[in-house]
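For reference, the structure is listed below as structure tokens.
For the numbers below, each heavy atom of this structure counts, side chains included, while hydrogens, waters and symmetry mates do not. Chain identifiers are assigned alphabetically (A, B, ...) following the order of the sequence lines, protein sequences preceding nucleic acid strands; residue numbering begins at 1 within each chain.
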Amino acid sequence: METTIVLAALKLVGYGLSTIGPGVGIGIACYGCCVATARQPELQGRLFTNFIIGAALAEALGLIGFVLTFIV
Amino acid sequence: METTIVLAALKLVGYGLSTIGPGVGIGIACYGCCVATARQPELQGRLFTNFIIGAALAEALGLIGFVLTFIV
Amino acid sequence: METTIVLAALKLVGYGLSTIGPGVGIGIACYGCCVATARQPELQGRLFTNFIIGAALAEALGLIGFVLTFIV
């Protein structure tokens with residue numbers, strides 16, 4: 001019982017670690033999208049596509065960590 | 001049994017650590033792609049290819065960590 | 001038996017740590033390649049070669065960490 005509780009806690013630590021990178025990365029991607037859109041407003045659609053693809057790739061890493069807390 | 005549970009939890013910690021680098025890296029790659037696209041819109045295809053290759057290389061490191069949680 | 005299981009878990013933690021640097025490094029390399037291509041489009045082939053070599057060198061460090069989880 002005791003170790004099960006420790007397991008639950010360590011899982012959450014693992015998930016927390018798995019969000020550090022994606023969290024920062026999505027922010028940097030969004031920053032680049034905003035700055036680039038301001039420089040070339042007519043490309044806003046293309047730049048937004050780039051940003052969404054990059055954010056999705058990074059977000060996936062965090063969401064996998066979320067799913068892993070249930071299946072590990 | 002007890003140590004098996006600890007193993008499962010530490011696996012998730014390992015996965016969490018393995019996403020920090022790729023998460024940040026994908027964001028930086030996306031940032032570069034957006035800024036460069038704004039500077040030279042006519043190169044958007046080439047720049048997007050560079051971004052996807054870089055993001056795929058980084059993402060692979062995170063996904064290997066995901067796979068390792070099952071085979072280690 | 002007990003220590004073997006703990007070893008397996010710590011291996012994954014080690015792999016996770018080994019991807020932090022490569023993940024960020026590949027992103028920075030991709031960023032530099034994109035920005036430089038936008039500045040000198042006629043050098044895009046050469047810049048892409050540089051990026052791939054840098055990314056491969058960084059990726060190798062992560063993959064060595066992956067291989068080490070099996071042979072250690």
*Does A:Tyr15 reach the side chain of B:Val13, with side-chain heavy atoms less than 4.5 Å apart?*
no
Under 4.5 Å to a heavy atom of chain B? For A:Thr49 that would be neither
Under 4.5 Å to a heavy atom of chain B? For A:Leu12 that would be neither
The interface call for B:Ile20 against chain A, heavy-atom contacts under 4.5 Å, is both
Rounded to the nearest 0.5 Å, the SG atom of B:Cys34 sits from the CD1 atom of A:Ile28 at a distance of 12.5 Å
Turns out that what part of B:Thr37 lies under 4.5 Å from chain A's heavy atoms comes down to both
If you tally heavy-atom pairs under 4.5 Å between each of A:Pro22, A:Gly27, A:Ala9 and chain B, the highest tally belongs to A:Pro22
Between side-chain atoms of residues 38-48 of chain B and protein atoms elsewhere (two or more places apart, or another chain), which donor-acceptor pairs fall under 3.5 Å?
unit_1: B:Gln40; atom_1: NE2; unit_2: C:Ala38; atom_2: O; d: 2.8
unit_1: B:Gln44; atom_1: OE1; unit_2: A:Arg46; atom_2: NE; d: 3.4
unit_1: B:Gln44; atom_1: NE2; unit_2: B:Pro41; atom_2: O; d: 3.1
unit_1: B:Arg46; atom_1: NH2; unit_2: C:Gln44; atom_2: O; d: 3.4

Taking a cut-off of under 4.5 angstrom between non-hydrogen atoms, the residues of residues 57-65 of chain B near chain A are B:Glu59, B:Gly62, B:Leu63
Q. Would you say B:Thr19's side chain and A:Ser18's backbone share a donor-acceptor pair under 3.5 angstrom?
A. yes
Smallest heavy-atom separation, B:Cys30 atom then A:Asn50 atom, equals SG-O, 3.3 Å
Q. Any side-chain heavy atom of B:Phe66 sitting closer than 4.5 Å to one from A:Val67?
A. no
